[in-house]
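Right, one structure below, let's go through it.
Every chain is numbered from 1 and lettered A, B, ... according to where its sequence line falls, protein lines coming before strand lines. Here the structure is a predicted model, which means the values were calculated and not measured.
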Amino acid sequence: MAGLHAALATRLQVGFDTVAPGWDPVLRPSSQAGTDFQANGALSLAKQMGQPPAELAAHVLASVDLQGVAVAEVHRKGFINLTLERGFLAASLAAAASDPRLGVDSVEVPWTVVVDYSAPNVAKELHAGHVRTTIVGDALCRLAAFAGHHVVRENHIGDWGTPFGMLIEHLVDIGEELGARELSVGDLDGFYRQARAVFDASDELKERARRRVVLLQSGDPETLRLWRILVDESMRYFSEVYHRLGVLLTPEDVVGESFYNDLLPGVVAELEAAGLLVDSEGARCVFPPGFAGRGGEPLPLIVQKSDGGFGYATTDLAALKDRFGRLRADRALYVVGAPQRQHFAMCFAVGRQAGWIPDGADAVHVSIGNMLGPDGKIFRSRAGEAVKLIELVEEAVSRAAGKVQEKSPGLSADEQAGVAQAVGVGALKYGDLSTDRAREYVFDWDRLLAMEGNTAPYLQYAVARIRSIFRRGGIDRSAYGSGRVPVTLDGPAERALARRLLGYEAAIQGALETWSPHKLCTYLFDLAGDFTCFFENCPVLRAATEETRDSRLELCAHTAAVLAHGLALLGIEAPERM
RNA sequence: GCCCCCGUAGCUCAGUUGGAUAGAGCGGCCGCCUUCUAAGCGGCGGGUCGCAGGUUCGAGUCCUGCCGGGGGCGCCA
């Protein structure tokens with residue numbers, strides 16, 4: 001489906017071409033009440049042509065055919081105001097409704113999009129700091145997949161490195177059975193803290209841990225077996241959390257740091273062959289241009305440490321190469337916290353220098369803003385008590401349950417529980433999705449779990465209300481919302497709703513353009529607002545005529561379909577009743 | 001010290017890549033449930049878009065400099 005914007009743009013382009021071929025009509029949704037779109041191209045062109053803008057706009061318009069599509073009007077300042085014809089709006093609406101994709105075209109050129117997100121550390125808690133990367137990453141996966149891209153999820157878990165010497169020895173000390181149990185039931189912090197405490201207090205353990213790391217890196221089978229227990233039991237727990245959160249990640253999506261171990265020497269060799277390696281203070285480094293350290297001196301990406309070992313930078317480079325090489329990614333998304341911005345910028349720069357990122361492909365740091373505590377300081381797990389992600393989920397669901405009990409006592413206990421789950425998890429997710437992902441934000445229980453305003457419950461409620469109309473009227477919902485019932489669009493509320501419904505495609509495109517789910521959230525909130533306005537002003541079941549009733553039922557069904565679909569793209573369920 | 005991000009209503013945030021009179025939600029005040037779900041709707045009040053310059057027909061949006069907050073800056077990830 002072409003979309004309203006495209007339909008108008010192509011027609012307007014004809015007019016602008018007669019004056020200045022290829023000139024951008026600058027078509028935008030109108031900021032003025034009563035009109036749908038505005039074309040601002042005449043203003044800037046008028047300046048260049050030395051003509052009054054309004055005159056030029058009129059001239060452009062003279063060769064534009066908008067018959068049956070829209071009515072154009074030239075504002076004295078040179079804006080071309082466009083008001084869509086009701087018939088065109090209705091026909092477009094019917095086309096969108098009849099489309100299983102609700103009027104959203106698949107992309108012309110599908111990409112392979114690799115999405116790196118969540119990335120917890122083995123034997124460490126999934127805490128509140130992971131919640132946003134996990135939720136935003138998941139929503140981006142769903143959005144990209146729906147748009148027609150081939151999505152590869154990658155959970156880059158921290159399953160390697162020196163801490164594993166300590167962790168494995170702790171596992172040996174407390175016994176495999178107990179250790180496995182602690183991890184799988186989610187007492188990861190307890191396990192880690194205890195290991196840390198013993199480690200810090202015992203030189204003997206420090207020495208054992210050091211030797212164990214060597215064994216691990218040399219591939220000692222017994223050590224690997226113990227390591228595997230840590231990884232598997234942690235993953236068992238992570239999967240449980242993902243399941244509760246309704247996140248797509250599974251153990252099959254895990255491509256942890258250890259996966260790249262065998263590739264690291266090759267990465268270094270390749271960088272050396274490319275002449276990018278420099279020895280500096282005993283370490284082997286790449287100095288990508290444009291990065292400076294404290295004294296203004298070039299900033300290195302350390303590829304091999306002075307002791308011969310590899311650090312995280314090498315692993316990230318290997319992953320970068322792997323994603324564009326083996327996986328043939330067109331876009332590699334790193335849904336990672338904002339503080340790592342410079343690190344990834346350097347990695348991407350080196351990857352480009354090394355020729356690993358093909359022309360037309362791109363690596364993108366999908367930066368996630370820091371979560372701040374109430375004091376405005378960065379919210380870190382070490383400072384104060386770390387909030388477990390699962391506790392966040394449980395708190396959200398239990399608060400929602402209280403609300404459901406209060407508002408919907410008529411529902412069965414089972415249904416109440418289901419609604420509480422959907423509403424609680426939805427509220428938690430939507431809180432993270434609905435604001436610009438790159439901006440830092442203040443963590444606040446009350447705001448996060450608020451059930452009013454621009455929140456998931458508001459949207460879920462809108463869907464439930466619509467569905468209840470059909471239930472109340474004893475009407476088969478499937479008969480509507482497929483474009484088979486004529487829509488008349490009599491009043492302004494219906495018209496506004498129709499126009500909004502037709503903006504779904506643009507909303508999804510906008511969200512994908514900058515990998516910003518909050519743009520879809522904003523759209524859905526606006527849509528729900530337009531619907532409630534319509535719902536307040538236009539009786540549906542009690543409509544004056546059969547024809548009007550059907551038209552409005554069609555609008556209802558279409559709205560519910562878009563709302564539920566959009567929420568699903570965000571990873572949020574829409575309960576049948578609330 | 002250098003670099004990056006942010007600063008919009010009392011609070012939390014949008015603002016479609018430079019367009020017309022800057023918008024929501026929450027909080028405050030007023031009104032609306034015997035009528036399709038009040039987790040809702042309507043209305044009122046609330047702004048030198050951090051400050052000062054600049055670019056141009058036009059700046060919350062772009063440039064420069066300040067102020068304030070956050071983050072980053074070699075062998076942790």
Side-chain angles (χ1 to χ4, degrees), chain A residues 26 28-32 38 40 43-44 46-47 53 75 77-79 81 119 121 156 158 160-163 257 280-285 290-297 299-307 309-313 315-316 336-343 345 367 369-370 372 376-378 403-404 406-408 423 434-436 438-442 444 446-447 450-455 457-458 460-462 464-473 503 506-507 509-510 513-514 518-519 521-523 525-526 529 532-533 535-537 539-543 552 556 577-578:
Chain A
V26 193
R28 301 278 184 270
S30 178
S31 57
Q32 308 301 294
Q38 60 184 63
N40 309 329
L43 280 77
S44 45
K47 170 71 179 164
H75 183 269
K77 294 176 100 168
F79 298 100
N81 287 327
N121 291 312
H156 193 85
W160 205 253
T162 47
E257 293 169 354
S280 172
E281 299 173 30
R284 313 183 77 190
C285 308
F291 296 91
R294 274 181 205 284
E297 78 286 351
L299 196 62
L301 201 60
I302 296 175
V303 168
Q304 194 163 19
K305 300 188 286 187
S306 51
D307 66 1
F310 304 107
Y312 61 94
T315 305
D316 282 335
V336 183
Q340 294 197 50
R341 183 190 183 93
Q342 181 176 259
H343 167 69
S367 179
N370 272 320
L372 305 180
K377 299 280 184 187
I378 188 161
K403 204 82 173 178
V404 172
E406 173 196 332
K407 301 282 183 185
S408 317
V423 168
S434 59
T435 61
D436 187 347
R439 280 176 49 139
E440 57 193 21
Y441 71 114
V442 178
D444 175 13
D446 292 333
R447 184 178 64 78
M451 303 285 163
E452 297 94 25
N454 185 9
T455 64
Y458 175 84
Q460 291 167 322
Y461 183 64
R465 279 174 105 178
I466 297 171
R467 289 175 175 165
S468 111
I469 296 168
F470 288 88
R471 259 195 312 275
R472 185 58 62 102
Q509 285 169 350
E513 205 165 318
T514 51
H518 84 277
K519 292 182 179 176
C521 294
T522 301
Y523 168 79
F525 181 59
D526 288 341
T532 45
C533 180
F535 191 58
E536 296 286 329
N537 291 296
V540 178
L541 296 176
R542 293 176 168 75
R552 290 175 178 172
C556 286
R577 299 194 291 181
M578 281 176 72

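Legend: residues meeting salt bridge (charged side-chain N to carboxylate O under 4.0 Å, His left out) with A:Arg577, ordered by chain and number and at least two apart, are A:Glu415. The salt bridge (charged side-chain N to carboxylate O under 4.0 Å, His left out) test applied to A:Lys407 returns no partner, not counting sequence neighbours. Partners of A:Arg341 by salt bridge (charged side-chain N to carboxylate O under 4.0 Å, His left out), not counting sequence neighbours: none found. Applying the side-chain contact (heavy atoms from CB on, under 4.5 Å) rule to A:Pro539 yields the partners A:Arg542, A:Arg552; only residues at least two apart in sequence or on another chain are considered. Judged as a side chain to side chain donor-acceptor pair (under 3.5 Å), and not counting sequence neighbours, the contacts of A:Lys519 are A:Thr514. Not a single side chain to side chain donor-acceptor pair (under 3.5 Å) links A:Arg465 to another residue, sequence neighbours left out. Legend: residues meeting ring pair (Phe, Tyr, Trp, His ring centres under 6.0 Å) with A:Tyr461, ordered by chain and number and at least two apart, are absent. Partners of A:Asp436 according to the salt bridge (charged side-chain N to carboxylate O under 4.0 Å, His left out) rule, which considers only residues two or more places apart in sequence or in another chain, do not exist here. Taking the side-chain contact (heavy atoms from CB on, under 4.5 Å) definition, one finds that A:Thr455 meets it with A:Pro457, A:Tyr458, sequence neighbours left out.
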Distances under 3.5 Å between protein N/O atoms and the N/O atoms of nucleotides 6-11 of chain B, please, pair by pair.
| from | atom 1 | to | atom 2 | distance (Å) |
| --- | --- | --- | --- | --- |
| B:G7 | OP1 | A:Arg439 | NH1 | 3.0 |

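Interface remark: the A:Asn81 side chain does form a donor-acceptor pair with the B:A20 base, using a distance-only criterion of under 3.5 Å.
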Per-nucleotide protein contact string for nucleotides 32-39 of chain B (B base, S sugar-phosphate only, - none; heavy atom under 4.0 Å): ---SBBSB

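Residues A:Arg294 and A:Leu299 have side chains not in contact (no heavy-atom distance under 4.5 Å, counting atoms from C-beta outward).
As rounded to whole Å, 13 Å separates atom C1' of B:G74 from atom NE2 of A:His343. Nucleotide B:A24 holds its C1' atom 8 Å from the CG atom of A:Asn454, rounded to whole Å.
Listed nucleotides: B:C13, B:G40, B:C73. Nearest to the side chain of A:Thr532: B:G40. When distances are taken from the side chain of A:Gln38 to each of B:G15, B:C13, B:G19, the shortest belongs to B:G19. Looking at the side chain of A:Tyr441, the nearest of the listed nucleotides B:C73, B:C13, B:G74 is B:C13. When the nucleotides B:C75, B:U17, B:A14 are ranked by their closest atom to the side chain of A:Thr522, B:A14 comes out on top. Of all nucleotides listed (B:A14, B:G74, B:G15), B:A14 comes nearest to the side chain of A:Asp436.
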Pairing pattern in dot-bracket form [Watson-Crick, G-U; both distances under 3.5 Å; | = partner strand] for RNA chain B: (((((((..((((.....[...)))).(((((.......))))).....(((((..]....))))))))))))....

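Residue A:Phe525 and nucleotide B:A24 are not classified as a stacked aromatic pair, given the requirement of ring centres less than 5.5 Å apart at an interplanar angle below 30°.
Checked by atom type and distance alone, the side chain of A:Gln38 pairs as donor or acceptor with a backbone atom of A:Ser31 at under 3.5 Å.
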